[in-house]
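Start at 1 and go down the list; that is how both ligands and their atoms are numbered. Note that these values count all heavy atoms, side chains included, but never hydrogens, waters or copies made by symmetry. This is a predicted model, so every value here is computed, not measured.
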Amino acid sequence: MHSVRTLILGAGVSGLATAAALGDDDYLVLEADTSIGGYCKTVKKDGFVWDYSGHFFHFKHKEIETWLRERMPGQRVRVVEKKSFVAYGDRRIDFPFQKNIHQLPQAEFIDCIHDLYFADLARRTSPPAETSFREMLYARFGRSIAEKFLIPYNEKLYACDLGTLDKDAMGRFFPHADLTDIVRNMKTPDNASYNSSFTYPEGGAIEYVNAIASAVRPGAIALSEPVVSIDVDKKIAKTPKREIAFERLVSSVPFNRLAQMCVVEHDASVFTWNKVLVFNLGFDKKGPEAIHWLYHPSRETSFYRIGFYDNIFDTDRMSLYVELGYPKDAPVDIDAMRVRVLADLAREKIVTNQRLVADHSVVMDPAYVHITRASMKEHARVASLLREQGVHSIGRYGGWTYCSIEDNIVEARALCVTLRA
Ligand SMILES: Cc1cc2nc3c(=O)[nH]c(=O)nc-3n(C[C@H](O)[C@H](O)[C@H](O)COP(=O)(O)OP(=O)(O)OC[C@H]3O[C@@H](n4cnc5c(N)ncnc54)[C@H](O)[C@@H]3O)c2cc1C
């Protein structure tokens, strides 16, 4: 039987960053797919460069960015000041919506500032319960901001009742703003957020993955080899091709699937998620300029967000990604939805005289996990049981969390420090 000290499941950012950080340790990476990258893959078609949904990067740890860039010789990485807007009726409001309510028609602005003021007053006099994401939105922003943007937009994205999500379900990715920030922004615009500028390699997000993979020992990644079961007592993983004995296992597989494979007792019902259908669309002519992201809260419009690659690359043919959220068990009719998306793009005046010349689609399933009190508690409990048996679950889906690729690298490196100790 093949045996290895550290068995790594998944050759996405988390699995590869683990392998890279293990250095000369004895490890093997098993990947179910035919290529590396996980959700950070790039598709190139008819001169267009697309990711599996727009992936843009904002590194907080400069040493990680430098480490990656050193491994990308010849690759130009663009640094772009973000320009993002909310499509609101026939207006484009600067994002984040809550900081730019003064750009709304006057009556709607008055509704927003009135409700915001009294929500703020109520919070200061007798703080309301803020246990769910929905309650947090109402309590911090008031009814009008919540109902005009924050609730419809996030319901389209998460495809669930926001009352079931934890108040911090989006963590640092939620652009918080208080009354003072919002009023100050009316005269001194400061729409900076966690990603006010971002980087993007000209070869697409996969270039960062390739940079990590360049630090992985040649021959240590087995593609098209999914792990199908794990005997945690005997420390043996099974694939369709072989059995592999391990001393410890690091998994970036979605946590609910890992728990199933390990046959560890768990409450599967607390792990829910959305899936995201992404259309990458290439056109023959340029479209709107100076926009990178456009958020669509309207329930009339099929998609919740679109992104413009051509405005990142400064190219002369419109290149879009379009994202639609679905509940995890909902059927997805890609052909019917492509027709609807193109009609919605025309109605929104994104597509006017352009002709579609290339397209690609992918369903990310899971895409955004539903972070609830129950999922956090059950994840912590089961992950700790597995850890005691030498099975470590990491990454966006292994951690059942909301994070960036930089977070994945930081987490993988920290785990390796303890594994190597
Ligand atoms: C819509 C969307 C937009 C995003 N945008 C950004 C962004 O702009 N910037 C950013 O930094 N991050 C972004 N992210 C997050 C980023 O995609 C993730 O943090 C990162 O790709 C997660 O990497 P991972 O290795 O943890 O998981 P994954 O990429 O999911 O990798 C897991 C790997 O495990 C493999 N696998 C699954 N089951 C098995 C098995 N049984 N055996 C072996 N292998 C298996 C899979 O094939 C996959 O390759 C976005 C995510 C989504 C969904």
Looking only at side chains, do [X] and [Y] share a donor and an acceptor under 3.5 Å apart?
X: Ser302; Y: Asp344; value: yes
X: Glu243; Y: His2; value: no
X: Asn274; Y: Lys156; value: no

Measure up the [X] and [Y] rings against each other and bin them: parallel (under 30°), tilted (30 to 60°), perpendicular (over 60°).
X: Phe56; Y: Phe198; result: tilted
X: Tyr208; Y: Phe57; result: perpendicular
X: Tyr158; Y: His370; result: tilted
X: Phe313; Y: Tyr200; result: tilted

Nearest-contact summary for [atom] - protein heavy atom, Å:
atom: atom 17 (O) of ligand 1; result: His55 NE2, 2.6 Å
atom: atom 41 (N) of ligand 1; result: Val227 O, 3.0 Å
atom: atom 45 (C) of ligand 1; result: Ala32 CB, 3.7 Å
atom: atom 38 (N) of ligand 1; result: Val253 CG2, 3.6 Å
atom: atom 7 (C) of ligand 1; result: Phe56 O, 3.3 Å
atom: atom 15 (C) of ligand 1; result: Arg396 NH1, 3.4 Å
atom: atom 11 (O) of ligand 1; result: Ile405 N, 2.9 Å
atom: atom 25 (O) of ligand 1; result: Ser14 N, 2.9 Å

What are the atoms of ligand 1, with element, lying closer than 4.0 Å to any heavy atom of [X]?
X: Phe57; value: 11 (O)
X: Glu323; value: 1 (C)
X: Gly38; value: 29 (O), 31 (O), 48 (C), 49 (O)
X: Pro226; value: 42 (N), 43 (C)
X: Tyr397; value: 30 (O), 53 (C)
X: Cys403; value: 15 (C), 19 (O)
X: Gly395; value: 26 (O)
X: Gly10; value: 33 (C), 34 (O), 35 (C), 44 (N)

Just distances here: any N/O of [X] and N/O of ligand 1 closer than 3.5 Å?
X: Ser53; value: no
X: Tyr39; value: yes
X: Glu31; value: yes

Cation-pi check for [Y] against [X]: NZ or CZ below 6.0 Å from the six-membered ring centre and within 45 degrees of the axis, yes or no?
X: Arg257; Y: Phe271; value: no
X: Arg5; Y: Phe246; value: no
X: Arg217; Y: Tyr27; value: yes

Problem set entry | side chain to side chain donor-acceptor pair (under 3.5 Å) assessment of Asn256 paired with Trp273 | CA-CA 11 Å; Asn256 56 331; Trp273 61 91; over 6 Å; no
For this session: Output all residues satisfying salt bridge (Lys or Arg N to Asp or Glu O under 4.0 Å) with Lys60, sequence neighbours left out; order by chain, then residue number.
Result: Asp407
Problem set entry | Those residues that, when tested against Lys377, pass salt bridge (Lys or Arg N to Asp or Glu O under 4.0 Å) (two or more places apart) |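 Applying salt bridge (Lys or Arg N to Asp or Glu O under 4.0 Å) to Lys377 gives none.
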For this session: From the options Gly307, Gly12, Pro254, select the one whose nearest heavy atom is closest to atom 31 (O) of ligand 1.
Result: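 Comparing heavy atoms across Gly307, Gly12, Pro254, the nearest one to atom 31 (O) of ligand 1 lies in Gly12.
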For this session: Check each of Asn408, Leu223, Asp365 against atom 19 (O) of ligand 1 and report the one with the nearest heavy atom.
Result: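 The option holding the nearest heavy atom is Asn408.
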Examine ligand 1 and decide if any of its atoms is less than 4.0 Å from a heavy atom belonging to [X].
X: Phe198; answer: no
X: Gly54; answer: yes
X: Glu406; answer: no

Problem set entry | Residues Lys41 and Asp33 bridged, charged N to O under 4.0 Å | yes
Exercise. Just heavy atoms, cut-off under 4.0 Å: does Val276 contact ligand 1 by side chain, backbone, both, or neither?
Worked result: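 No part of Val276 is near ligand 1 at this cut-off.
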Exercise. Step by step, would you call Tyr153 with Phe97 a ring-ring contact (aromatic ring centres under 6.0 Å, His included)?
Worked result: CA-CA 11 Å; Tyr153 174 76; Phe97 182 87; over 10 Å; no
